[in-house]
Structures are given as structure tokens and as C-alpha cells.
Amino acid sequence: MGQNLTQKILAAHLVSGDLVPGQEIAIRIDQTLTQDATGTMAYLQFEAMGVPKVNTELSVSYVDHNTLQSGFENADDHRFLQTVAAKHGIYFSRPGNGICHQVHLERYGVPGKTLLGSDSHTPTGGGIGMIAIGAGGLDVAVAMGGGAFYLNTPKVVNVRLTGQLKPWVSAKDVILEVLRLLTVKGGVGKVIEYSGPGVASLSVPERATITNMGAELGATTSVFPSDKVTKAFLSAQGREKDWVELGPDADAQYEEIIEINLSELEPMVAQPHSPDNVAKVKDLGKIKVDQVLIGSCTNSSYADLMRVAGILKGKKVHPTTSLGIAPGSKQVFEMLARNGALADIISAGARILESACGPCIGMGQSPNSGAVSVRTFNRNFEGRSGTADAKVYLSSPEVAVAAALTGYLTDPRKLGEAINVTMPEQFLIDDSMILAPAQDSSSAEVLRGPNIKPLPIAKELPDQLTGTTLLKAEDNITTDHIMPAGSKVLPLRSNIPAISQYVFSGVDANFAQRAQEAGGGFVVGGHNYGQGSSREHAALAPMYLGVKAVITKSFARIHRANLINFGILPLSFVNEEDYDKISQGDQLVLPDIRKALIEGPELTLINQTTGKQFKVAHGLTGRQIDIILAGGLLNFTKASSR
Ligand code: MIC
Ligand code: SF4
């Protein structure tokens, strides 16, 4: 039986386990990436592991999230990241060099390699034929130390592309169509593998737009074959030697097949407040648009912005609409500046932002009250823009620029003739903003400012877990609910005592205080608890506040792994209706827990307040049980390397 591309790459990196869907495997990681908002913790964890130099083929540390320096905190973090990278054999991409996923695709992505990144949009690398997976910082730290990455073998879904995109329709519309078909939960436990004759018509950055936003499906990752188009991209980046041809066998098997005819797609948007709330632009009424933002790791490539510049050329932004543009990388920015496209953008009245995540993570450009904001980004969760009542639509650059010019959500096909951009034969290559690690690491000093507080470490699991139900939450709690981002909270990512005061602050302002006064306790949640980002702060900060177990109807993949990594027990109700048998404030007990975890998949939970008791399941593998018993992955890794 033939192999699909996912199986081929996983098999070539398999360290333990069998490639049977649902079973745990361990894979070797060739490359890692971190960004600053998750990276400071990842490097503190790496330091705590005591490994002098990274054991990967390549590890890169990017600064792109916390670039708004409104106090000393972010600058302190940048300096720490630069010096810790120099010491431990890590390449450092300076602030201003661009968004991690865009830069990594341009300068480091290699078909057939594995990439683990402490950011949920790491699957961008799938556009160049990598198995690129998002994970918590601690998993990335372990991979940097040479440890394997553990995951459940995913099912592989084949999205077969036929036809060719029509003018004004773009890669973003392809992934919006996949989101419409599969929904935000439809990719859980799966890899989305693209194939078919339509693939050849998509450039590498277009493919990367599609794999990037596969994160919004909840998928483990997404991947495209590596073909002549990939070769041309690598050669234009001066890296033809990195090319290998890769694809599925002709008789490859898939768990599920979906056909999409590119020729039939039309311009679309994801409406507020979920990336799968997809509609055709032409079917929506007259919607006034207050703000348009173009950029983010989804849509800020050279071709994206050349098309935007081409459409804006000689025109002016609508007087009641603000247009902001953040080029994805220094390479893109400088090429636009040198060929004059930047002048067309400026002349049209756009506000130019630095090459960084910026407004995508609420770092500035929050829209006005009740605003409609059209963004080429990948997430439109309520409040993420920094304005609680803003309505965010996700779109292609073409739809975004049409809104910026007309002031309304507009089908871009009404703008006339489409702009054709050909991919350059040679990109502008200048890696001077990427610093190589120190040759002699003994003289490299790691500089820490007062914002960088030592890493809190969990204790071994006690024999019994007792505590109060600190919070009872609904379905679809995102990591933005658990640990908010934005310009006020993000600078505290290296200071767990300080950031822990914001845990659940948008849901329940007194959570942190209550948790600390109670000496910790339990959190109860509904379905899909922890969807969204890979931020391990959504586990680390609750752990600091004393949260011992989270009991839900179901979890999102990366967040569940993060809870385990920090010694918090993720438990699920065996009977969903037992969710109703716990109220906030109830006193809960998990007796004889160390023994019970080893003995079987189910535990008894006693609600002392009501006198009722019921079953909860842990679903942990043997290795995960050992991690929980040790009080987290860091303790476990240290103990097993002794
Ligand atoms: C995001 O898009 O939510 C982020 C910010 O990039 C996060 C990482 C983080 O919280 O630092 C992600 O996607 O993993
Ligand atoms: Fe940055 Fe936004 Fe991409 Fe996250 S989704 S990495 S915040 S650009």
C-alpha cells in the first residue's frame, strides 16, 4: 500500500511508536523556532535543562510579537533572547526582521524536514513541504535539547485541488472554503494534505497562507508536496540546494478525501467572531468598514503586498476608513521600497507598520468602539483586537483593499481588471538581521533585566488532590480567555507572578485573588477547552496560582499538552451530564490519585459539598502519567537524564 506525504515524512523521523492513527508516536525534530512572547519561557526552560548547546540541525529565535516598547519590559526580553541565543547555538532574528513564520519560510524552510515551533501557526512551513507543528515552549525546549516530540498519530485528510483560481480570488479563499467545510473543530487529530492538479498553480507563499490557517481547523498540521514551484521559490531565495522533490505515492491512502475546484471559488470572508463563520462577499449586504489591516503571518508575502500596491496605485483610501499595512518581513518591505510599490501604498494614504505581528495580537491599532475591521489575519475571536465590541472580518488582501478604497465590504471583482504579480526570479537576500550564535559560547554572557523572573516549577503530584472549584466555564474557552494577550499583558510573559494576576481576567476579574486565597483548586470547563494559541502561559500561570486539575467535556490539542507539561491534570467527564453536578465554590477531592492514575483510565471524583461522586477519565499515556507524577515535563526530563 502506498504512503501519503505525511506518512513518508513522519516515518523518516519516527523514534518510537507505530504510525497507527490515535496511537502515540515520538518523532525527531530537525528544526525549531520560537517567537518572543513564548520564547523567553522556552529559553528559561532550556537553561533549566542544563544542555549547553542545541542539538537540532537549526534553531531560530524570532522577535516579532512584543515589539511595541512602551516600558522596559519588552526591550529587556529582546536583550535576554539575543544573548541566550548567542550562548546556546541559536540563530537570532532581530526585531524588525519580520514575522517568524514568513521569515522562516523565506530563509530556512526545507522540504521533508520536521519543524517544531512555540507558536500555533508554525504549520506555515507546510507550504514548502515540511511537517511543521505548533507546540508549547517546553516541548520546543526539549526538542532543542535533542529530545523527541510526542504526538498522537494523526489521521490524514486529502484535500484534492483541481482547476485554477479566477482573477480576484486568492489563496485565502481556499482556506476559508476549507474552514467552511470542516469548521474550527474539524481538523482535530488530523493532518490536512493537499494534492491534485490545482497545486501547481499555487506559489509557495500561497500554499503557506493555506497551511498557516489550517491551525484554525484545530489540525495537527497541513502540508503541500514539494514540486517545481517549490524549487523555483527556493532558487529565488538562493537556496536551490535545499530542494528535494516530495509527494505522495500514486496509490496513497487517506482517511478522508475532499475535492475543491479552485475555478469555482469566489471572494469570501470569515464573519465575526469565528474563522469558520464563512460567507461569500457578494452575499453580504452593505457593511460599512471603519478599519482595514493587511499583514500577519497569513497574508504579508511579497506577492500579496505587490497586488495590494498595484490596486492602490493612483487611488486614495476612503476618508472614513483607516488602512494599516505591515509587511511580513524585511525582505518583503525592502523589495517594496526599492521597486517603488511602497511609494504607491504611502501615496494612497496607508499607515505603514513595522514588519511584526502588531495588531494581529492586539499590539496597537485597536479599532474604534463598535468598529467593523477587515483584516487579512487568521483569528477574529471576540476582543482579540483590543476593542471588546469590534466586529472583525477575515479576508484576502484583495477583499481588504477593496474595502479600504470604497469604505464598504466590497467584492473586489467590482474594481475592474485584476493585478497580475509574477514571482521574482531572485528575492532580495540580506540576512544581516539574523545573528549567528557565538563561536565561543564560554564568553557569551546572558543578560536578564528585572522583567525576567525565575521559572516557577511544579511540585510532585501528592497522594490526594483537594480544593475548591475556582471557576465553572462554558464551551469553547480560548487561550485568550484563560491568559489574555494585548499590549498591557504581553510584556509580562517573562514574569509569571505578575502575569498570573490576569488569568481569566476577562471572564472573572477576581479569579487570581480567589485562587490564591483558596490555596489553589480546580477549574471546570465545557467542550474544546483551550482552543487557539500555543501559549503555555495559559497552563503555567494557573499552575502558579495553584490550579491542580482542569475537568472538562473536551480539550484542544496544544493546551491539553501544555497542562500535562506543567503538572496540571487534564480530566474529562465520563458522563457529560456530570458537568451539571459541580458548581463554582464546591469542594472537590481526588483520593489516592498517584495509585489510581497507574491502575486505570478512570478516576473517582468526590464532590464533598454535595456528597455526590462520579467518574472522570485522564486519557494519559504511560509517559504522560510519569510526567504528571513528577510534577511536569521539566522535572520528568531532569529526572530521566540523571
Ligand atoms: C497568536 O496568534 O495567538 C499567537 C500570539 O501567535 C500565539 C502565541 C502566543 O500566545 O504567544 C499562537 O498562535 O500560538
Ligand atoms: Fe503573529 Fe498573528 Fe501570526 Fe500569531 S497569528 S504569529 S500573532 S501574525
Side-chain angles (χ1 to χ4, degrees), residues 33-42 61-68 74 77 81 93 95 98-105 116-125 132-137 139-140 175 208-209 211-216 218 221 275 293-301 304 324-329 332 353-365 375-381 383-386 392 394 478-487 489-494 499 502 530-541 556-559 561-562:
L33 73 76
T34 56
Q35 40 91 337
D36 49 328
T38 55
T40 49
M41 275 300 137
S61 168
Y62 294 91
V63 177
D64 53 3
H65 281 63
N66 291 342
T67 55
L68 210 63
N74 291 345
D77 285 2
L81 289 167
S93 173
I99 305 174
C100 56
H101 308 303
Q102 174 67 25
V103 179
H104 206 85
L105 190 74
L116 195 71
S118 62
D119 190 281
S120 66
H121 291 103
T122 304
T124 312
I133 302 178
D139 282 327
V140 177
I175 186 61
T209 294
T211 59
N212 169 284
M213 230 180 140
E216 274 54 65
T221 191
L293 291 169
I294 297 175
S296 93
C297 55
T298 319
N299 274 121
S300 57
S301 69
D304 279 339
I325 297 185
S329 67
V332 172
L353 309 173
E354 74 174 314
S355 288
C357 301
C360 180
I361 191 55
M363 271 279 165
Q365 303 292 316
R375 301 170 165 217
T376 66
F377 305 169
N378 48 37
R379 285 186 176 143
N380 57 348
F381 301 145
R384 184 174 158 103
S385 67
V392 176
L394 306 174
T478 70
T479 47
D480 282 292
H481 289 116
I482 307 170
M483 188 73 263
S487 57
V489 185
L490 276 172
L492 305 173
R493 284 281 180 100
S494 314
I499 206 171
Y502 292 91
Q531 68 162 325
S533 130
S534 69
R535 65 190 69 147
E536 60 192 355
H537 298 74
L540 193 45
R557 173 186 70 91
I558 307 180
H559 184 61
N562 284 336

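First listed ligand is number 1; within each ligand, the first listed atom is number 1. Residue numbers start at 1 and run along the sequence shown. These numbers come from a predicted model, not from an experiment.
Put simply, the side chain of Thr478 does not reach to within 4.5 Å of the side chain of Arg384, judged on heavy atoms. At a threshold of 4.5 Å between non-hydrogen side-chain atoms, the residues Thr38 and Glu536 do not count as touching. Residues Ile499 and Val489 form a side-chain contact, since some pair of their non-hydrogen atoms from C-beta on lies under 4.5 Å apart. Residues Ser355 and Ile99 have side chains not in contact (no heavy-atom distance under 4.5 Å, counting atoms from C-beta outward). Here the side chains of Arg379 and Val392 are not in contact, with every heavy-atom distance at 4.5 Å or above. The side-chain heavy atoms of Arg557 and Ile133, taken from C-beta on, include a pair separated by under 4.5 Å. The side-chain heavy atoms of Val332 and Ser300, taken from C-beta on, include no pair separated by under 4.5 Å. Residues Arg375 and Ser385 meet the side-chain proximity criterion, which asks for heavy atoms closer than 4.5 Å.
Short contacts between ligand 1 and Ala37, defined as distances under 4.0 Å to a heavy atom of the residue, involve ligand atoms 11 (O). Contact atoms of ligand 1 toward Ser533: 3 (O), 7 (C), 8 (C), 9 (C), 10 (O), 12 (C), 13 (O), 14 (O) (distance under 4.0 Å to a heavy atom of the residue). The Asp119 neighbourhood of ligand 2 comprises atoms 6 (S), with distances under 4.0 Å to a heavy atom of that residue. Counting atoms of ligand 2 from 1 in the listed order, those under 4.0 Å from a heavy atom of Ile361 are 7 (S). Shown in contact with Arg379 at under 4.0 Å from a heavy atom are these atoms of ligand 1, numbered in order with element: 1 (C), 2 (O), 3 (O), 12 (C), 13 (O). Proximity to Asn378 (heavy-atom distance under 4.0 Å) selects the following atoms of ligand 2: 5 (S).
Here the side chain of Gln35 pairs a donor or acceptor atom with the backbone of Ala37 at under 3.5 angstrom.
Of all the heavy atoms in Asp304 and Thr209, the pair that sits closest is OD2-OG1, 4.5 Å.
Annotation: atom 10 (O) of ligand 1 to nearest protein heavy atom, Arg535 NE, 2.7 Å. The nearest heavy-atom contact from the protein to atom 3 (Fe) of ligand 2 is Cys297 SG, 2.3 Å. If you check which protein heavy atom lies closest to atom 1 (Fe) of ligand 2, you get Cys357 SG, 2.3 Å. Of the protein's non-hydrogen atoms, Arg493 NH1, 2.8 Å is the one closest to atom 11 (O) of ligand 1. Protein heavy atom closest to atom 4 (Fe) of ligand 2, with residue, atom name and distance, is His65 NE2, 3.8 Å. If you check which protein heavy atom lies closest to atom 8 (C) of ligand 1, you get Gln35 NE2, 3.2 Å. When only non-hydrogen protein atoms are considered, atom 2 (Fe) of ligand 2 lies nearest to Cys360 SG, 2.3 Å. The nearest protein atom to atom 13 (O) of ligand 1, hydrogens excluded, is given as Ser120 OG, 2.5 Å; this is a heavy-atom distance.
Contacts between His65 and ligand 1 below 4.0 angstrom, taking non-hydrogen atoms only, involve the side chain exclusively. When non-hydrogen atoms are compared, ligand 1 lies under 4.0 Å from the side chain of Arg384 (C-beta onward) but not from its backbone. Both the backbone and the side chain of Asp119 come within 4.0 Å of ligand 1, counting heavy atoms alone.
Rounded to the nearest 0.5 angstrom, Leu33 CG and Tyr62 OH are separated by 6.0 Å. One finds the CG atom of Asp64 at 7.0 Å from the NE2 atom of His101 (value rounded to the nearest 0.5 Å). The CG atom of Leu105 lies 8.0 Å from the OG1 atom of Thr211; values are rounded to the nearest 0.5 Å.
Residue contacts with ligand 2 include His101, since one or more of its heavy atoms lies under 4.0 Å from the ligand. In this structure, His537 falls outside the shell of residues with a heavy atom less than 4.0 angstrom from ligand 1.
Put simply, His121 stays out of reach of atom 3 (Fe) of ligand 2, with no N, O or S atom under 2.8 Å from it. Taking backbone and side-chain atoms together, Cys100 has no N/O/S atom less than 2.8 Å away from atom 1 (Fe) of ligand 2.
For the residue pair Thr40/Asp77, the side-chain donor-acceptor check at 3.5 Å is not satisfied.
In terms of polar-atom proximity, Thr38 is not counted as a contact of ligand 1, lacking any N or O under 3.5 Å from an N or O of the ligand. Note: an N/O pair closer than 3.5 Å links Ser534 and ligand 1 by distance alone.
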